[in-house]
Enquirer: 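My structure is below; once you've seen it, I'll send some questions.
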Amino acid sequence: MFLFYGLSYLYGGYQENKKIIKPSQTELVKSIGEGKVTSIEVRGSDVFIEYKNKTKGYLKKETASTFEEVLINLGVNKAQLQGIDFRVNDEKGFKAFFKKILPFLFPVLLLIIMLLFLSRQGGMGSQLFNFGRSRARMIDPNDKSNRITFADVAGLQEEKEELREFVDFLKYPQKFLAIGAKVPKGVLLTGNPGTGKTLLARAVAGEANVPFFSISGSEFVEMFVGVGASRVRDLFQTAKRTAPAIIFIDEIDAIGRHRGGGTGGGNDEREQTLNQILVEMDGFEPSSKVIIIAATNRSDVLDAALLRPGRFDRKILVDLPDLKEREAILAVHIRNKQMADKIDLSVVARRTAGSSGAELSSIINEAAIFAVRAGREKIMQDDLLSAIDKVYMGPEKKSRIYTEEDKRLVAYHEVGHALISSILKYSDPVQKITLIPRGMAGGYTMFASETDKKFKNKEQLFDELVAYLGGYVAERVVFGTVSTGPRSDLTQATSIAHSMVTEYGMSDAVGPITLRRMNRLNGLVEKHSVQTEVLIDQEVKKLLQLALARAEKLFRKYRKAADALVRELFTIETIEREAYETLLRKFKVPIGKGG
Ligand code: ADP
Ligand code: MG
Ligand code: ZN
């Protein structure tokens, strides 16, 4: 890489020299008159000219008067000069000298760097050239613009509470040390991507007002083979020097996967890096006042050695936000945005069940972009609602052409989902149905979640199955056949049914037994007899068939409402909750009554 860069530089330089012409002053004046000159730079008595056709020129001027005067004396007028980038650069002494030798110095420097690089590859001591320097980024506590505190982290009350202990320790270590308290060295944040793990870690540093060193597991393993371990050493040393401090290792699963199993095989590099982390953590005294925070969304694959006492023995699960928390997160992210007066974040929160903080923050951002594109100065409620669709379903595909048949198919499919879920007892209300295609979907039904359910019982899960099969059933009843459309619905339904049977003990025939277990050494194990296997298949199928029968009965019974909804969708494309429910009531559909 370096070599290539060096050569192309030299090559470029060589070409440049060839093109330089040496006009006389009168020739230059002529060129200026013809508008052929783009720039003139005067450095002492050297004049560098650039022509429109990219040729370069050079001439020497008498030092007595300024070059501008010289040109004007030779008949160039001011207007002509104005069209030219005219620079006078009167550098003398060292600076000018340096500029002159820079072109020669540059290749030499490259050569030196190349040599260093090569010798490093050859295994000469890493101390010598410092390639092992950790590439951690440090956030200085005095850098107020970058400071993040718990106030920037919405929701996550319990998580913040647990972390406050570390803040206190970093702030008043003496108090803890004097009494002989053992403070955990490391804390592992686990949770889905975008739930705010990085944010929390930074907030701990911000609250405690200590430096924050962060590095990502994947960066350790990245480019330079054989430097992971030395980077770790370096990172810990730097942190100790600036203690109290926080070391944050993001994506620790990239290095901390359990050894000898799964992907990657025997990756020496990773293993050495991991070992070095363990060595450093073990060598830490509480008095070193450094706390290590690691984050991962795959805590199931972590090496058990990382989780032993004295290492990452504290684990904090960072959960997806619930309804209240989602609203709070949205509120944090509109703080520095221009919002219209009539904004109701609770509506947005209700429509975004299951989303992470990162998704919520990008909804606000998309809304801002919508507002700008519409030429407005404030973000309106409608921008927020459109942003939800965009973030979840991808951009609208207005240009996608549908045949009338496809459109009918999509309409009945979506109406099938909506109508059937509306009748079910345990289902969220339909927020809207639309035929506007987005991303991969030809149309979609959106649900509003009133509450966040932590636990679901068998009846609720069964209702979910019925709702998922709603599209499939509608297609079958209306068109007498089934398309490829319901594929992902079927996948979802099957997976729910499978979990009901094998994980939650919801099938009497199989019994109260969990047939899928996580095993720390081997990951997922599903060990059971062939008979059990057959039984599982039967039970899963039975559940799905019951759900199908239920869905079909409901759809046939309220088919008139479905037809009316499809007609409506064909004219207005999107039906929102109120209009939708009014229509259902007109057809005496028992909303939420179960049938
Ligand atoms: P993770 O590290 O868990 O993948 P991040 O901490 O990087 O997630 O979160 C990404 C972004 O999402 C944050 O920068 C922030 O803008 C937003 N975010 C996530 N959780 C929250 C929260 N609880 N409060 C406010 N913003 C959040
Ligand atoms: Mg992160
Ligand atoms: Zn569907």
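Both ligands and their constituent atoms are indexed starting at 1 by order of listing.
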Enquirer: Identify the protein heavy atom lying closest to atom 10 (C) of ligand 1, giving its residue, its atom name and the separation to 0.1 Å.
Expert: Ala358 CB, 3.8 Å
Enquirer: Identify, by atom number and element, the atoms of ligand 1 in contact range of Leu156, meaning under 4.0 Å from any of its heavy atoms.
Expert: 23 (N)
Enquirer: For Gly196, counting its heavy atoms only, list the atoms of ligand 1 lying under 4.0 Å from any of them.
Expert: 1 (P), 3 (O), 5 (P), 6 (O), 8 (O), 9 (O), 19 (C), 20 (N)
Enquirer: Using the Zn ion (ligand 3) as the vertex, how large is the angle between OD2 of Asp489 and NE2 of His413, rounded to 10 degrees?
Expert: 90°
Enquirer: May I ask you to list the atoms of ligand 1 that are less than 4.0 angstrom from any heavy atom of Ala154?
Expert: 22 (C), 23 (N), 24 (N), 25 (C)
Enquirer: Could you tell me which non-hydrogen atom of Gly470 sits nearest to which non-hydrogen atom of Ile420, and how far apart they are?
Expert: CA-CD1, 3.7 Å
Enquirer: As an exercise, identify every atom of ligand 1 less than 4.0 angstrom from a heavy atom of Ile329.
Expert: 22 (C), 23 (N), 24 (N), 25 (C), 26 (N)
Enquirer: Quick check on contacts: which atoms of ligand 1 are under 4.0 angstrom from a heavy atom of Val153?
Expert: 23 (N), 24 (N)
Enquirer: Can you tell which of Leu189, Thr198, Leu199, Leu320 gets a heavy atom nearest to atom 21 (C) of ligand 1?
Expert: Leu199
Enquirer: Scan side-chain atoms only and decide if Tyr426 and Asn457 contain a donor-acceptor pair under the 3.5 Å cut-off.
Expert: no
Enquirer: Can you tell me if an N/O/S atom from Glu414 lies under 2.8 Å from the Zn ion (ligand 3)?
Expert: no
Enquirer: Could you tell me whether the side chain of Glu207 reaches within less than 4.5 Å of the side chain of Leu170, counting heavy atoms only?
Expert: no
Enquirer: Kindly determine whether Glu414 and Thr445 satisfy side-chain hydrogen bond (donor to acceptor under 3.5 Å, both in side chains), including the steps that lead there.
Expert: CA-CA 6 Å; Glu414 293 308 324; Thr445 306; 2.7 Å; yes
Enquirer: At less than 4.0 angstrom from any non-hydrogen atom of Asp152, what atoms of ligand 1 do you find?
Expert: 24 (N), 25 (C)
Enquirer: Which heavy atom of the protein is the closest neighbour of atom 4 (O) of ligand 1, given with residue, atom name and distance?
Expert: Gly194 N, 2.7 Å
Enquirer: Does any non-hydrogen side-chain atom of Glu377 lie less than 4.5 Å from one of Gln338?
Expert: no
Enquirer: Answer whether the closest heavy-atom distance between the side chains of Leu490 and Leu469 falls below 4.5 Å.
Expert: yes
Enquirer: Heavy-atom distances under 4.0 Å decide this one: backbone, side chain, both or neither, for His333 against ligand 1?
Expert: side chain
Enquirer: I want to check a possible cation-pi pair here: Lys458 against Tyr504, using under 6.0 Å from ring centre and within 45° of the ring axis as the test.
Expert: no
Enquirer: Do Ile388 and Met446 come within less than 4.5 Å of each other through their side chains, counting heavy atoms only?
Expert: yes
Enquirer: Near Gly357, which atoms of ligand 1 are under 4.0 Å from a heavy atom of that residue?
Expert: 12 (O), 17 (C), 18 (N), 19 (C), 20 (N)
Enquirer: Side chains of Glu464 and Gln460 only: does a donor on one sit below 3.5 Å from an acceptor on the other?
Expert: no
Enquirer: How about Leu548 and Arg476: do any of their side-chain heavy atoms sit closer than 4.5 Å?
Expert: yes
Enquirer: Give me the one residue out of Ile293, Ile247, Ile246 that meets side chain to side chain contact (heavy atoms under 4.5 Å, CB included) with Phe212.
Expert: Ile246
Enquirer: Please could you name the atoms of ligand 1 that Pro193 approaches to less than 4.0 Å, counting only its heavy atoms?
Expert: 4 (O)
Enquirer: Holding to salt bridge (Lys or Arg N to Asp or Glu O under 4.0 Å), I want the full list of residues that pass it with Glu366, two or more places apart in sequence or in another chain.
Expert: Lys390
Enquirer: Are there any protein N/O/S atoms under 2.8 Å from the Mg ion (ligand 2), and if so, which?
Expert: Thr198 OG1
Enquirer: Looking at Gln381 and Asp344, would you say the former's side chain and the latter's main chain have a donor-acceptor pair under 3.5 Å?
Expert: yes
